[in-house]
Amino acid sequence: MLSPVETIKILENHPDRTFPAGEVIFADGTEGELMYGILSGEVEMYVKGQLIETLEKGDVFGAGALLHGDKLRESTAIAKTDCKLAYINQPQFLFAVQETPMFAIEVLRSYSDRFRKLKKIFTSEA
């Protein structure tokens with residue numbers, strides 16, 4: 001079974017995109033057209049200026065903008081290290097979901113795992 005990032009790499013028809021450390025990949029409140037998968041490097045995710053998680057090779061992010069009608073980003077993604085990212089747009093995402101349902105399940109699992117980690121952080125602070 002392919003991981004979500006491996007599926008993105010296969011489906012993309014664009015070259016990989018590299019981001020140097022410190023570069024903003026996308027910002028909160030902007031419209032998003034792409035979902036990303038990390039081929040190498042680390043990406044920091046911020047909400048309202050607060051670091052909430054660091055993503056690593058194999059992680060995917062940015063799918064929310066492909067799922068919501070307003071396409072707005074609800075977080076800011078910044079390259080923590082030099083990063084190489086694969087990416088897909090909404091039609092490619094929908095194709096992947098339709099043709100390889102395990103892609104959708106693995107993306108959901110990735111987001112669910114990350115959400116569980118966040119809940120543990122917030123419940124331990126209470």
Side-chain angles (χ1 to χ4, degrees):
M1 171 177 20
L2 294 176
S3 72
V5 73
E6 290 167 328
T7 303
I8 289 172
K9 181 69 180 148
I10 289 168
L11 290 173
E12 71 172 323
N13 60 5
H14 307 287
D16 302 329
R17 175 121 189 247
T18 53
F19 291 86
E23 184 171 341
V24 174
I25 299 163
F26 58 75
D28 177 31
T30 59
E31 280 192 22
E33 299 289 332
L34 301 172
M35 173 185 171
Y36 298 91
I38 303 173
L39 299 173
S40 66
E42 295 180 315
V43 174
E44 293 180 325
M45 301 299 294
Y46 292 84
V47 173
K48 298 187 186 314
Q50 181 178 350
L51 176 65
I52 58 165
E53 64 182 331
T54 301
L55 305 177
E56 301 173 337
K57 180 180 177 178
D59 288 329
V60 293
F61 63 100
L66 303 182
L67 300 172
H68 296 280
D70 62 11
K71 297 187 178 198
L72 291 180
R73 300 287 189 190
E74 294 293 333
S75 59
T76 298
I78 299 175
K80 179 179 180 181
T81 63
D82 291 347
C83 295
K84 184 167 140 180
L85 306 178
Y87 54 93
I88 55 174
N89 60 25
Q90 187 180 44
Q92 292 166 323
F93 176 81
L94 295 174
F95 177 83
V97 168
Q98 182 178 7
E99 295 299 316
T100 56
M102 288 308 297
F103 169 78
I105 290 170
E106 290 301 317
V107 169
L108 284 169
R109 183 174 294 132
S110 170
Y111 278 89
S112 177
D113 289 347
R114 290 164 49 199
F115 189 59
R116 283 180 173 194
K117 287 178 192 174
L118 284 174
K119 286 195 281 189
K120 285 180 183 177
I121 291 168
F122 285 109
T123 56
S124 69
E125 291 177 0

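The analysis underlying the following values was restricted to heavy atoms, covering all of them including side chains, and did not include hydrogens, waters or symmetry mates.
Leu51 shares a hydrophobic cluster with Val24, Tyr46, Ile78; the chain of contacts runs through ILVMFWY side chains whose heavy atoms sit under 4.5 Å apart.
Residues Gly32 and Arg73 approach most closely at CA-NE, 3.5 Å, considering heavy atoms. Between Ala77 and Val43, the closest heavy-atom pair is CB-CG1, 4.0 Å. Considering all non-hydrogen atoms of both residues, Glu42 and Thr81 come closest at N-OG1, 2.9 Å. Across every non-hydrogen atom of Ala79 and Pro20, the tightest pair is CB-O, 3.4 Å. Nearest heavy-atom pair across Asp16 and Lys84 is OD2-CE, 2.8 Å. Between Met45 and Phe61, the shortest heavy-atom distance links the atoms SD-CD1, 4.1 Å.
Using a distance-only test at 3.5 Å, with no hydrogens or angles considered, no donor-acceptor pair links the side chain of Ser112 to the main chain of Leu108. A donor-acceptor pair under 3.5 Å is absent between the side-chain atoms of Gln98 and the main chain of Phe95, judged by distance alone. Judged purely by atom type and a 3.5 angstrom limit, Asn89 has no side-chain atom pairing as donor or acceptor with the backbone of Leu34.
Contact of the Glu106 side chain with the Arg109 side chain is registered, since non-hydrogen atoms from C-beta on lie closer than 4.5 Å.
One finds the CG atom of Leu55 at 7.5 Å from the OG atom of Ser110 (value rounded to the nearest 0.5 Å). To the nearest 0.5 Å, atoms OG1 (Thr76) and CD (Gln50) are separated by 12.5 Å. In this structure, OG1 in Thr30 is found 10.0 Å from CD in Glu74, a value given to the nearest 0.5 Å. Once rounded to the nearest 0.5 Å, the distance linking CZ of Arg116 with NZ of Lys119 reads 7.0 Å. Residue Glu53 holds its CD atom at 4.0 Å from CZ of Arg114, rounded to the nearest 0.5 Å. Between atom NZ of residue Lys57 and atom CG of residue Leu85 there is a gap of 13.0 Å, rounded to the nearest 0.5 Å.
The hydrophobic clustering, which links ILVMFWY residues whose side-chain heavy atoms are closer than 4.5 Å, places Leu72 and Val47 apart.
Qualifying salt bridge (Lys or Arg N to Asp or Glu O under 4.0 Å) partners for Lys71, counting only residues two or more places apart in sequence or in other chains: Glu33. With sequence neighbours left out, the side chain to side chain donor-acceptor pair (under 3.5 Å) criterion links Tyr111 to no other residue.
Between Tyr36 and Tyr87, the two ring planes are tilted [angle within 30° to 60°].
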